[in-house]
Amino acid sequence: MNTNLPKNYDPNEFESRIYNHWMEKDYFKAEVNPDKTPYSIVLPPPNITGQLHIGHALDHTLQDILIRWKRMQGFETLWQPGTDHASIATEVKVVEKVREEEGLSKLDLGREGFLEKAWQWRDEYGRKIVEQMKKLGNSCDWDRERFTMDEGLSEAVTEVFINLYEKGLIYRGNRIINWCPDCKTSLSDAEVEHEEKGGHFWHVNYPVVDSDETIEIATTRPETMLGDTAVAVNPNDERYNHLIGKKAIVPLINREIPIIADDYVDPEFGTGALKITPAHDPNDFEIGLRHSLPQIVVMNDDATINKNGGKFEGLNRYEARKQIVNELKEAGYLAKIKEHQHNVGQCYRCDTVVEPLTSDQWFVNMEPLAKPAIEAVKNEKIKFVPERFSKIYLHWLENIRDWCISRQLWWGHRIPAYYCQDCQALMVSKEKPHACDKCGSDKLKQDEDVLDTWFSSALWPFSTLGWPEKTKDLAYFYPTDVLVTGYDIIFFWVVRMAFSGLEFMDEVPFKHVFIHGLVRDSDGRKMSKSLGNGVDPLEVIEKYGADALRFTLVTGNSPGNDIRFHMEKLEASRNFANKLWNATRFVLMNLDEEKIAYEDIKDDLNTADQWILSRLNTVAKEVTDNMDKFELGLAAQKVYDFIWSEYCDWYIELTKSRLWGENVKEKQAAQYTLSYVLNNILKLLHPFMPFITEEIWQNIPVFEGSAIVAQWPVYKENQVNKEAEEKMELIMEAIKNLRNVRAEMNVAPSKKAKLIVLPGNDQAKATILEGKKYFVALGSVTEIEFTTDKEQIPADAVSTVINGAELFLPLDELIDFEKEIQRLEKEQAKLEGEIKRVVGKLSNQGFLAKAPEHLVQVEKEKQVKYQQMLDVVLERLQALKK
RNA sequence: GCGAGAUUAACUCAGCUGGUAGAGUGCUUCCUUGACGUGGAAGAAGUCAGGGGUUCAAGUCCCUUAUCUCGCACCA
């Protein structure tokens, strides 16, 4: 058959075409189908903040592999795509863009105007992201694409908010929260990153009222003293016992504050006296509540000092700190300054140091929700892969604090709460109420804030399927089978989906959480904009193809571990694709137009055919088993090795003599097997490299349908052919040995030689005879001669031993006796080493008594085998030395 | 402080339920054989971080030490 495949693999030529083909045929479509078992995955919706990066490529590749594999196994597969509005992250980007392009601020535009810009941004990037995902080969059901702020999902958000509010699980309160002075919004605990930083410990003397004494406190943030409302000591601290109940004076601002006792204070730390600033420190806040202390917020939303800070008003917190320290020093209040390492909380979006402060916010009461989510993992309704991540999940949930969900932003789901302007009453409802519940006033104003972006993504597994409607999709596809995501968003997202699903669907949102690591650069650094070491997946695809990218990302790494991204590896993957491409060209060149039926050739399959068929069967099992365990890297490696080493390097070579020979039946048997194995190779490889496998499939007329919907190979026990495998292994071992001998003796491949075989048993003789043509084709052998008479063997022959036979190559003038003796002595040493090991094992009574019988047997067989081989080598050495 | 991971060939990494160490890249030598030089053949190269222990048998299980990452919690 002619092949119209070009000589070199060129992914750009066909990847888009193939993708369009799949789209036209609706292969990605998921429908409720009672005759099939559903298998569903929700795509972690990428943020619309920009383009996708290589980390997305990894995340999506893993999911696409699972989805394609399950589709081929006959499941009704749903891969639910979509994008996330990413409230704070996107708002930051849009603000930046408007400022750069139009010189306008958020406030200049106003809420409506700003949102218009944000939606424009969303349209642009949402589209780009989808384009990128298609380039990667994602087989998502695009008809179902959702956006966290589209109508249906927004309704789900409102529904959940109201529901939780009515259950008392959402409340509004004045509490201490994390404030980002740059983004000017509150943040949840998960959104604060802690970094160890060098700072100072300022020791300040607070004068005690009506006394000459002072009490020395230590602080890392002197500016917060403007908000001090107490000094606390440990009740058991004898140094300060006598001061409890007295008053101290805050220096510089001269406020009198009580000296109180609280167990929280650690006498060993610092000076043992703690200034209490309830409005600007989480621990102080708690102490303040216990002692009914006033809360004095001393900062504005941009972290400048407010009017409560007296003369420091208007300074930013660092200027204020500097000035306060100076004035303390001048006034003699400063006892000492010490270097101090401490953890500083920073905003996860802009790295600005977070300011804890009290503020009116909305919270979710987490404890009742966390409980079932903890249970679900403990009783394995949700399983983490790798298992160790369940610890991280559990630890976080077991120590969870209430979730601050309100954000002082515009881009997001506006909180469905309304305040009466007349009586301050609060109403929570889907639509704006016509009048106040309490006073009947119609002056109602909606809460200005939006919800934490993770509030909506928490609902993703069911909101995308139509919830709160009781849809058929929901009944059929929920719960999803596996969630694939990076370990970095377990807190943000996995946890919140878990409790949301349990609360609103009464069932876990996913059965498995398959965790992967981060893609790092070749030096192991995190990829980031500031380092400029990011890799654009589109550029990689342009150069190497999507298949090579996918294969690179999936091979050679294990679940949960980070990956270093090397361009060299991409080349290796591309080369592999090229190898398969050319193997296909070979097959096509040697295939006839009409399909060969198995029935017609089944009696003509030779040992090589039986061997590769048996191996294929085993490999299919190994690949499937690894997939079942989410060991996608190992699965891919198995396919790779089978294709390259067994199919290309050996099997194709083994068919050549028959393909080019006269015997039609033999030829057809080879053709059949080549084609059959290639067909199954394409299936096994398809989830990993969908484009090239489909392209090849479409180019082979006898392959019906499409690779994407081909049936995944099933392991059949009765297809294992141990005998053929053993025979081929013997032949391959012999050929390898011959090649090795020749290479070591520096014999040119063009110098062919006769092979003289001294068989040790009939079976080995039969196998070698059967493999004659392979020795000729692959071992530079001209003919094979059997003998039992050692005298017949020329003295100038080099030799090698295999299990059951001794092989000689008479190379006459080419042989260097000294060299041959050295080579044999090396072989002798190797065999003696092996024998020593085996004998050691077999003379160990413990081993004989306790090891499984078959392993003992194996060792015994080895002993005999190695001993025979050694005898042969020794004999040969003796002959040579004479 | 608590927890997790890593430590295997020059480099990057696999190695699942314990049974004589693997891959890719690089390196050395050879090969224009009618699929592929993005290729083929052969080869060198590892006290599996150190130390204990369990076991007939440990890279694999347990303990411990060291180094490096990463989470979480932090005491002002």
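Chain letters run A, B, ... following the sequence lines, proteins first, then strands; residues in each count from 1.
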- Rounded to the Å, how far apart are I681(A) CD1 and A35(B) P? 17 Å
- Note on the structure: To the nearest angstrom, the CG-C1' distance between N343(A) and G1(B) comes to 12 Å
- Message: Within a 6.0 Å radius of atom NZ on K543(A), are there more than 12 heavy atoms belonging to other residues, nucleotides or ligands?
- Response: no
- Message: Under 4.0 Å, counting only non-hydrogen atoms across every strand here, what does F630(A) touch: a base, just sugar-phosphate, or nothing?
- Response: nothing
- Message: Only pairs with both distances under 3.5 Å count, Watson-Crick or wobble alike; so what is the partner of G71(B) in this structure?
- Response: C2(B)
- Spacing of Y393(A) atom OH relative to G3(B) atom P, expressed in whole Å: 21 Å
- Check the geometry between W660(A) and G34(B) and answer yes if their rings are stacked (centres below 5.5 Å, planes below 30°), otherwise no. yes
- Query: In whole Å, what is the span from the CG atom of L848(A) to the P atom of A57(B)?
  - Reply: 13 Å
- Among A35(B), A76(B), G3(B), which nucleotide sits nearest the side chain of K391(A)? G3(B)
- Item | Where at least one partner belongs to residues 222-231 of chain A, residue pairs that pass side chain to side chain donor-acceptor pair (under 3.5 Å), sequence neighbours excluded | Y206(A)-D228(A), E223(A)-R321(A), T224(A)-K275(A), D228(A)-K275(A), D228(A)-T277(A)
- Touch check for R574(A), heavy atoms < 4.0 angstrom, all strands: base, sugar-phosphate only, or nothing? base
- Message: Could you tell me how far apart L855(A) (CG) and U55(B) (C1') are, to the nearest whole angstrom?
- Response: 14 Å
- How long is the line joining NZ of K751(A) and P of C30(B), in whole Å? 20 Å
- ring pair (Phe, Tyr, Trp, His ring centres under 6.0 Å), paired with F492(A), selected from Y348(A), Y487(A), Y393(A): Y348(A)
- Task: Take atom CH2 of W650(A) and atom C1' of A35(B), then tell me their distance rounded to the nearest Å.
- Result: 18 Å
- In this structure, CZ of R239(A) is separated from CG of D237(A) (nearest 0.5 Å) by 4.0 Å
